[in-house]
Amino acid sequence: MTNIAIDGPAGAGKSTIAKKVSKELSFIYVDTGAMYRAMALYLHRNGIPADDAEKIAAACGGAEISIEYRDGEQVVLLGGENVNPYLRTSEVSAMASKSSAVPQVRTRLVQLQQELAAAQNVVMDGRDIGTVVLPNAQVKIYLTASVEVRARRRFLEMQEKGENADFDRIAADIAERDHRDMTREVSPLRQADDAVLVDTSDMTIDQVTQRILEIVRDRTGLN
Ligand code: DC
């Protein structure tokens with residue numbers, strides 16, 4: 001199987017890019033953040049406090065998370081229910097950021113991710129894909145952009161949706177999330193030694209996609 005790992009901080013454009021690259025290559029796209037979000041939804045629904053790592057560790061074993069593909073889209077199932085519509089709320093984001101630091105949560109989801117990658121060609125994005133989940137991936141990309149640029153992208157996205165957006169607040173949230181992702185004890189976000197760094201601050205989505213496809217062709221000989 002050919003495995004492509006894309007890691008990087010929140011808002012670097014990983015999912016947009018990973019989707020495009022996977023389509024070009026006819027690979028399956030695996031969004032691991034959505035799995036951490038589904039776990040967070042499960043914990044939230046069960047009234048587990050986000051700050052209680054012990055309760056999270058004890059409860060996470062009860063979550064039945066699986067992945068299906070419907071019309072080429074990844075659908076995350078929680079106990080058989082399609083929970084995609086509930087994964088992007090601020091409660092779930094906040095819970096995911098905390099619960100993803102709990103080792104028991106990671107062990108379960110990493111296993112599921114490794115099974116998916118062993119069974120098919122995948123483009124998988126997350127924080128620890130190149131370092132922990134798929135250390136032998138043929139291609140590893142570390143996608144990043146400045147806090148300023150990521151905050152601007154998010155700001156414009158929210159404005160477009162007619163949501164209330166405060167640029168300074170968004171930038172502060174991103175910086176805080178980076179800090180938490182990079183300094184947590186288990187599987188912190190970091191660039192794998194053999195990953196190619198792609199800074200998207202001054203690149204368009206198409207330019208980033210083409211750059212990654214070039215790297216994939218170089219490393220794998222795929223077309
Ligand atoms: O990429 P995202 O925002 O959907 O990720 C949701 C949360 O899960 C975020 O707090 C980071 C965490 N995460 C992780 O710890 N490891 C991954 N492989 C993917 C996401």
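Every heavy atom of this structure was used, including side-chain atoms; hydrogens, water molecules and symmetry mates were not. Just so you know, ligand 1 is whichever comes first in the structure, and atom 1 is the first atom listed for that ligand.
The nearest protein atom to atom 19 (C) of ligand 1, hydrogens excluded, is given as T32 OG1, 3.3 Å; this is a heavy-atom distance. The protein atom (non-hydrogen) at minimum distance from atom 16 (N) of ligand 1 is R106 NH2, 3.0 Å. Of the protein's heavy atoms, G33 CA, 3.6 Å lies nearest to atom 5 (O) of ligand 1. Looking only at protein heavy atoms, the nearest one to atom 9 (C) of ligand 1 is R127 NH2, 3.8 Å. What sits closest to atom 10 (O) of ligand 1 on the protein, heavy atoms only, is S97 CA, 3.2 Å. At the shortest separation from atom 7 (C) of ligand 1 among protein heavy atoms lies A96 CB, 3.9 Å. Of all protein heavy atoms, the one closest to atom 8 (O) of ligand 1 is Y36 CB, 3.4 Å.
With a heavy-atom cut-off of 4.0 Å, R37 touches ligand 1 through its side chain alone.
Looking at heavy atoms from C-beta onward, F27 lies out of side-chain contact with M1 at the 4.5 angstrom threshold. The shortest distance between side-chain heavy atoms of V123 and I6 falls below 4.5 Å.
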Would you please test V147 and D178 for side chain to side chain contact (heavy atoms under 4.5 Å, CB included) and show each step? CA-CA 9 Å; V147 170; D178 282 2; 4.0 Å; yes
Please evaluate residues V105 and I56 with respect to the criterion side chain to side chain contact (heavy atoms under 4.5 Å, CB included), reporting the C-alpha separation (whole Å), side-chain torsions for both, the decisive distance (0.1 Å), and the verdict. CA-CA 8 Å; V105 166; I56 292 174; 3.8 Å; yes
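Taking a cut-off of under 4.0 Å to the non-hydrogen atoms of S100, the atoms of ligand 1 that pass are 12 (C), 15 (O).
Heavy-atom neighbours of L156 CG from other residues, nucleotides or ligands within 6.0 Å: above the threshold of 12.
Using a 4.0 angstrom heavy-atom cutoff, R184 counts as in contact with ligand 1. Note on ligand 1: M35 sits outside its first shell, no heavy atom being nearer than 4.0 Å. Ligand 1 is approached by R177 to a heavy-atom distance shorter than 4.0 Å.
At a 3.5 angstrom cut-off on N or O pairs, K14 does not count as close to ligand 1.
Looking at residues two or more places apart in sequence or on another chain, you find a side-chain hydrogen bond (donor to acceptor under 3.5 Å, both in side chains) between T200 and R153.
In this structure, the side chain of S97 does not engage the main chain of A94 through any donor-acceptor pair within 3.5 Å.
Sorted by first and then second residue, the salt bridge (charged side-chain N to carboxylate O under 4.0 Å, His left out) pairs with a member in residues 186-209 read K140-D194; sequence neighbours excluded.
Taking the centre and axis of the six-membered ring of Y86, the NZ or CZ atom of R45 falls inside the cone set by 45° and 6.0 Å.
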